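Structure record follows, encoded as structure tokens.
Residue numbers begin at 1 in each chain, while the letters A, B, ... track the order of the sequences. What you see is a predicted model, and the numbers here were worked out from it, not measured in a lab.
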Amino acid sequence: MERSHIRKESDRMSALQKPRVRFAPSPTGYLHVGGARTALFNWLFAKHEGGTLLLRVEDTDVERNKPELVDGILVALKWLGIEWDEGPFFQSQRGAMYRAAAERILASGAGYPCYCKATAYAGGDYSATENDDHEGEGDDEGPKSLKAVACPCRDFSDAERAAREKEGIPRAIRFKTPRTGVTKFEDAVFGPREIQNADIEDFVLLRSSGVPTYQLSVVVDDIDMRITHILRGADHLSNTPKQVLIYHALGATPPIFAHVPLILGPDRTRLSKRHGATSVGSYADEGFLPEAFRNFLALLGWSTGDDSEFMRTSELIERFQLSGVSRTNAIFDRAKLEWYNTQYLQKPPVEELLPFVEGELRRAGLWKEVWATTERAWFAHAVDLIRPRTRLLTDFTGWARAFFSDEFDYEQEARDKFWKDEKVPSLLAKLTEALAALPDWNHDACDAALRGVAAAEGVKAGLLINATRVAIVGRAVAPPLFDTMVVLGKGRVVARLRRALALLSPR
RNA sequence: GGCGGUAUGGUGCAGGGGUCAGCACGUCAGGUUCUCAACCUGAAAACCCGGGUUCGAUUCCCGGUACCGCUACCA
């Protein structure tokens, strides 16, 4: 795997070789929008280049990981339409490989055993002044007020080590970072990077428990899995030099890095629960379409260079390039997301939308099988009529519920607004008779019947139209009335008018 | 504190040594309509600050500031 000759071999073929990328979530929570965006970029890049996407679960931290969360992450990725070609692989099952790598580094002299009690020699404040950390966010504790200093074990003699081994003191393995020189690497987004080795501490590779740290396991896996490009959050930018050091210690050539800027909340702080929904699952539940979400996410930190905004997934894939990735953190703008959702609800052919509406109706327990078979045309027609006014899939079971069920409420504001005229009951009664007598049920016939009643009663058609809308769909806001009547059908319209009349004139 | 990164309207992105600094979302005001959405018209709204370099900087360089990240036997 980390054999350098194999590595060189693949480098020689790199021009012909398709990229291999990976998305490597850690199961410490649900899939959040930042992770989703990283996954999306990896996927778009792989698709664009005809490469391969791997999924790797980074679950080396026994304390923090919750295996039951893995499934939720996979489900969220699938919802997003991101499919991986290989994996998922679990780091928790690859321990032997990491331990072997750590031992190799130790043997080569690039690492050393550390017998300190875990974090025992950490000391000193980052700052005397900035200890203003507000508690309560739960997610990021950790000794952020402590600074690691050089470990004394680095300079132990063989005798000193032997003594501790004999005592049976647990041993971690640290990287012996050179005290001089610089470490360089290339980042496709941030450009060439160079940092002083003196600024890199002797980080731990293998915990005293024998479990590897992130720094070691990523590198070992990325080498083993022949990853060619690492696309990940910019929060890893400062860690990269450490990893480059490990690559070298293992005799491997580092891949190309591409760090993507972070996504922040509206207050420019790291996105967290306090900003509202941050998990992609919650957006699915709220009624967002995966393609809309993808389009929105893709343009967070990436652009085509021209002013393209609405791009179907195929176009995203076609146009995605690392060179278009921005270096500035982006803020998650829900209003824009909603705009994208309306676009995807309204622009594509109705057929594309049908499965999603079906799903929504099923969730609400309103789905009827005939809509998939004998009444499919009706269903498509209804959806097409409703969708110009929708922002979320849940609108289909929300304000548009009356199209799919006879059980619906009369919205209070709608009644107050359009039923308040005292002529409404008698108007609706006359209209009911007129409609019931109609031989043909179509847009123009309904239109003529209603306007006839309005004219005969000396009222504006709008008054009756609005009152009728409330009567048959229970809402002030709904599609044009006569179209609605046609979709609902004569029987239901008349029945609903009668029901409304009963409500209006209680005995 | 140290190290690193970033800085264009409220937001997401363009742009670039000389432009009326562009697009989109959002906002506001009109128009249209049977409600609402859509649609049409119009409006307000930005190059962080200070030094350089230059005939000329929003653009290039340096400093400051702000923000973000890393600084864990977390990832």
inquiry  = Checking A:Asp447 now: which residues fulfil salt bridge (Lys or Arg N to Asp or Glu O under 4.0 Å) with it, not counting sequence neighbours?
reply    = A:Arg451

Strictly under 3.5 Å: I want the nitrogen or oxygen pairs between protein and nucleotides 29-31 of chain B, one per line.
none

Sugar-phosphate, base or nothing in reach of A:Glu58, heavy atoms under 4.0 Å = sugar-phosphate

Shorter than 3.5 Å, N or O on both sides, protein versus nucleotides 36-38 of chain B: list them out with atom names.
| from | atom 1 | to | atom 2 | distance (Å) |
| --- | --- | --- | --- | --- |
| B:C36 | O2 | A:Arg389 | NH1 | 3.0 |
| B:C36 | N3 | A:Arg389 | NH1 | 2.4 |
| B:A37 | O2' | A:Pro388 | O | 3.3 |

query = Base, sugar-phosphate, or nothing: which does A:Leu237 touch, judged by heavy atoms less than 4.0 Å apart?
reply = nothing

inquiry  = Dot-bracket, 5' to 3', for RNA chain B please: Watson-Crick or G-U pairs under 3.5 Å, [ ] where pairs cross earlier ones, | where the partner sits on another strand, dots elsewhere.
reply    = (((((((..((((....[...)))).(((((.......)))))....(((((..]....))))))))))))....

A:Asp421 bridged to A:Lys460 by N-O distance under 4.0 Å = no

message = Less than 6.0 angstrom separating the ring centers of A:Trp84 and A:Phe23, yes or no?
response = no

inquiry  = I want to check a possible cation-pi pair here: A:Lys242 against A:Phe175, using under 6.0 Å from ring centre and within 45° of the ring axis as the test.
reply    = no

ask   = Do A:Ser209 and B:C73 share a donor-acceptor pair, side chain to base, under 3.5 Å?
value = no

inquiry  = Please enumerate all residues that pass salt bridge (Lys or Arg N to Asp or Glu O under 4.0 Å) together with A:Arg94, with sequence neighbours excluded.
reply    = A:Asp221, A:Asp224

ask   = Under 4.0 angstrom, heavy atoms only, what part of the nucleic acid is A:Arg475 near: base, sugar-phosphate, or nothing?
value = nothing

query = Would you call A:Glu411-A:Arg469 a salt bridge at under 4.0 Å N-O?
reply = no

message = Can you see whether A:Asn239 engages A:Gln243 through a side-chain donor-acceptor pair at a distance of less than 3.5 angstrom?
response = no

task = For each nucleotide in nucleotides 60-65 of chain B, reading 5' to 3', give B when a protein heavy atom comes within less than 4.0 Å of its base, S when such contact involves only the sugar-phosphate, and - otherwise.
result = ------

inquiry  = Mind checking if A:His236 touches a base, just sugar-phosphate, or nothing, with heavy atoms under 4.0 Å?
reply    = base

inquiry  = Going by the rule ring-ring contact (aromatic ring centres under 6.0 Å, His included), which residues pair with A:His229 if we only count those two or more places apart in sequence or in a different chain?
reply    = A:Phe45

request  = Would you classify A:Ser238 as touching base, sugar-phosphate or nothing, given that sugar-phosphate means primed atoms plus P, OP1 and OP2, and contacts are heavy atoms under 4.0 Å?
outcome  = base

ask   = Going by modelled atom types, is there a donor-acceptor pair between the base of B:A75 and the side chain of A:Asn239 at under 3.5 Å?
value = yes

message = Give me the distance, rounded to whole Å, that separates B:G26 from B:G12 when you measure between the C1' atoms they each carry.
response = 11 Å

task = Under the salt bridge (Lys or Arg N to Asp or Glu O under 4.0 Å) rule, collect the residues that match up with A:Lys336, sequence neighbours excluded.
result = A:Glu309

inquiry  = Within residues 319-331 of chain A, which residues have any heavy atom lying less than 4.0 Å from an atom of RNA chain B?
reply    = A:Gly324, A:Arg327, A:Thr328, A:Asn329, A:Ala330, A:Ile331

Enumerate all atom pairs, one protein N or O and one N or O from nucleotides 39-46 of chain B, separated by less than 3.5 Å.
none

key: Short side-chain N/O contact to B:A14 OP1/OP2 from A:Ser303, under 4.0 Å   = yes

ask   = Can you find an N or O donor on one side and an acceptor on the other, under 3.5 Å apart, linking the side chain of A:Asp307 with the base of B:G22?
value = yes

inquiry  = Just to be sure I understand the rule, does A:Thr60 reach a base, reach only the sugar-phosphate, or reach nothing, if contact means heavy atoms closer than 4.0 Å?
reply    = sugar-phosphate

task = Identify whether any heavy atom of A:Phe310 sits under 4.0 Å from a base atom; if not, whether one sits that close to sugar-phosphate; answer base, sugar-phosphate or nothing.
result = nothing

query = With sequence neighbours excluded, what pairs up with A:Phe288 under the ring-ring contact (aromatic ring centres under 6.0 Å, His included) test?
reply = A:Tyr283

inquiry  = Under 4.0 Å, heavy atoms only, any strand: does A:Gln215 hit a base, just the sugar-phosphate, or nothing?
reply    = base

Ion pair A:Arg56/A:Asp222, N-O distance below 4.0 Å = yes

Salt bridge (Lys or Arg N to Asp or Glu O under 4.0 Å) partners of A:Asp235, counting only residues at least two apart = A:Arg270

